[in-house]
Amino acid sequence: MIPIKTSTIKNPLGMPSKLNIDPCQFDTNFKLIIATTPDEKERAFLLRHHVFNEELNYNIGDKTSSTVEKDSHDTHSLLCLLQHRESGMDVGCLRVVFIDEAMNSFSKKLPFEEYCKNSLTNPKLHPKNLPQDTICEVSRLAVHPLFRKKKSTIESNICNTENTHQKNESLNQSIISLSLFLAATALVGLARISHRG
């Protein structure tokens, strides 16, 4: 049986709130992977396709494949996978896009400069006015739908309600997105990037 601890944390307003999960439980149940092999990258693209194109019908990415979601920015990105240890299932992913000065392809822009250019109105913070080696973009964060269900829905789908391990697994849902954001922060820090979009 995995113990559940209640920790008191401070929220952004300074008020204490309860975190009903043992943070050590995360490492027991999940593994963060920097996708460096072709297989790991393909797994991230498959998960993105499942979430963005199949589930949400965004129809994004290049149209060279009907099973993966990727675009030209993935060639100069770090990809991260979050894997559920027991099942081996990839439950989340994200990418950190860097501007590679050696790119000789299209314009050297971050994805949001292309897709959201009309919302970039502050000249002081516009990416084109910042040194390119100091900026990056965190994007394509996706969480598998099975790990995004509300706790009550997950618990109602558990056949054996007496199985404490499965109940504890459902509590992990609350920290999956947070862990991906923290992974992105770590990747940006390791790359020594000071500005991120």
Side-chain angles (χ1 to χ4, degrees), residues 26 29-85 87-103 105-120 125-128 130 132-149 172-197:
F26 175 82
N29 293 309
F30 297 98
K31 175 170 64 170
L32 283 164
I33 302 166
I34 297 175
T36 55
T37 68
D39 175 64
E40 291 167 341
K41 292 177 182 182
E42 186 80 2
R43 287 165 36 203
F45 300 147
L46 284 167
L47 179 57
R48 282 168 31 179
H49 177 78
H50 179 70
V51 171
F52 295 126
N53 293 345
E54 291 178 6
E55 182 189 0
L56 301 174
N57 295 312
Y58 284 172
N59 196 27
I60 57 176
D62 64 30
K63 306 302 177 229
T64 59
S65 172
S66 61
T67 59
V68 298
E69 187 282 303
K70 62 181 179 176
D71 64 19
S72 59
H73 296 286
D74 287 305
T75 60
H76 50 101
S77 299
L78 279 177
L79 296 170
C80 184
L81 280 167
L82 179 64
Q83 184 182 65
H84 183 248
R85 289 184 186 272
S87 67
M89 177 187 281
D90 296 316
V91 299
C93 66
L94 63 84
R95 73 177 177 187
V96 181
V97 184
F98 301 94
I99 294 182
D100 184 350
E101 291 290 341
M103 286 191 305
S105 57
F106 66 103
S107 60
K108 298 175 184 177
K109 295 182 180 180
L110 294 171
F112 77 95
E113 290 182 83
E114 291 180 38
Y115 306 124
C116 306
K117 58 184 170 191
N118 294 335
S119 65
L120 300 173
L125 298 175
H126 198 289
K128 72 179 180 184
L130 297 169
Q132 291 187 331
D133 63 346
T134 67
I135 60 175
C136 66
E137 174 182 329
V138 177
S139 58
R140 295 299 206 268
L141 188 146
V143 176
H144 195 287
L146 290 177
F147 286 78
R148 269 188 281 116
K149 292 182 179 180
N172 284 314
Q173 316 329 314
S174 62
I175 59 170
I176 289 176
S177 294
L178 176 61
S179 69
L180 288 167
F181 283 114
L182 291 173
T185 303
L187 289 174
V188 170
L190 289 170
R192 301 180 184 205
I193 299 293
S194 56
H195 301 90
R196 37 201 177 275

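Residues take their numbers from the sequence shown, with the count starting at 1.
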**Q** Where do Leu81 and Gln83 land on the side chain to side chain contact (heavy atoms under 4.5 Å, CB included) test, with the steps shown first?
**A** CA-CA 6 Å; Leu81 280 167; Gln83 184 182 65; 5.8 Å; no

**Q** With no hydrogens and no angle check, do the side chains of Glu137 and His73 hold a donor and an acceptor under 3.5 Å apart?
**A** no

**Q** Measuring from atom CG of Asp90 to atom CZ of Arg48, what distance do you get when rounded to the nearest 0.5 angstrom?
**A**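 Nearest 0.5 Å value for the CG-CZ distance: 13.0 Å.
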
**Q** Quick one: CD on Glu54 to NE2 on His49, what's the gap to the nearest 0.5 Å?
**A**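 One finds 4.0 Å between CD of Glu54 and NE2 of His49.
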
**Q** Work out which heavy atom in Glu42 is nearest to a heavy atom in Val68; give both atom names and the distance.
**A** OE2-CG1, 3.4 Å

**Q** What distance do Leu32 atom CG and Cys80 atom SG have between them, rounded to the nearest 0.5 Å?
**A** 5.0 Å

**Q** Taking everything shown except Phe181 itself, do over 12 heavy atoms lie less than 6.0 Å from its CZ?
**A** no

**Q** Would you check if the side chain of Arg140 reaches a backbone N or O of Arg95 as a donor-acceptor pair within less than 3.5 Å?
**A**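 No.
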
**Q** Using 30° and 60° as the class limits, which term best fits the ring planes of Phe52 and Tyr58: parallel, tilted or perpendicular?
**A** parallel

**Q** Val91 vs Val143, test: side chain to side chain contact (heavy atoms under 4.5 Å, CB included). Steps then yes/no.
**A** CA-CA 6 Å; Val91 299; Val143 176; 5.6 Å; no

**Q** If you take all heavy atoms of Leu78 and Leu187, which pair is closest and at what distance?
**A** CD1-CD2, 4.1 Å

**Q** Backbone N or O of Phe98 within a donor-acceptor pair of the His76 side chain at under 3.5 Å?
**A** yes

**Q** How long is the span from the CG atom in Leu79 to the CZ atom in Arg43, to the nearest 0.5 Å?
**A** 11.5 Å

**Q** Looking at NZ of Lys70 and OG1 of Thr64, how far apart are the two atoms once the value is rounded to the nearest 0.5 Å?
**A**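 With rounding to 0.5 Å, NZ (Lys70) is 5.5 Å from OG1 (Thr64).
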
**Q** Going through the distances and angles, do Ser179 and Phe30 end up as a side chain to side chain contact (heavy atoms under 4.5 Å, CB included)?
**A** CA-CA 10 Å; Ser179 69; Phe30 297 98; over 6 Å; no

**Q** Could you check whether Lys41 pairs with Asp74 (Lys NZ or Arg NE/NH1/NH2 to Asp/Glu carboxylate O, under 4.0 Å)?
**A**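 So Lys41 does not pair with Asp74 through a salt bridge.
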
**Q** Using every non-hydrogen atom in the two residues, find where Leu47 and Ala142 come nearest and quote the distance to one decimal.
**A**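 Heavy atoms of Leu47 and Ala142 come nearest at CD2-O, 4.3 Å.
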
**Q** On a heavy-atom basis, which atom in Thr67 and which in Leu46 lie closest, and how many Å separate them?
**A** O-CD2, 3.2 Å

**Q** Heavy-atom count check: over 12 atoms from other residues, nucleotides or ligands less than 6.0 Å from Leu120 CG?
**A** yes

**Q** Ignoring hydrogens and geometry, is there a side-chain-to-backbone donor-acceptor pair from Lys117 to Tyr115 under 3.5 Å?
**A** no

**Q** Could you tell me the separation between the NZ atom of Lys128 and the CD atom of Glu113, rounded to the nearest 0.5 Å?
**A**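 Here the rounded value is 9.0 Å.
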
**Q** Phe112 versus Pro127: any side-chain heavy-atom pair under 4.5 Å?
**A** yes

**Q** Looking at every heavy atom in both Val96 and Cys136, which two are closest together, and how far apart are they?
**A** CG1-SG, 3.9 Å

**Q** Between Asp71 and Ile60, is any pair of side-chain heavy atoms under 4.5 Å apart?
**A**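 Sidechains of Ile60 and Asp71: no contact.
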
**Q** If every non-hydrogen atom of Ser139 is compared with every non-hydrogen atom of Val97, which pair is closest and at what distance?
**A**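 The answer is OG-CG2, 4.0 Å.
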
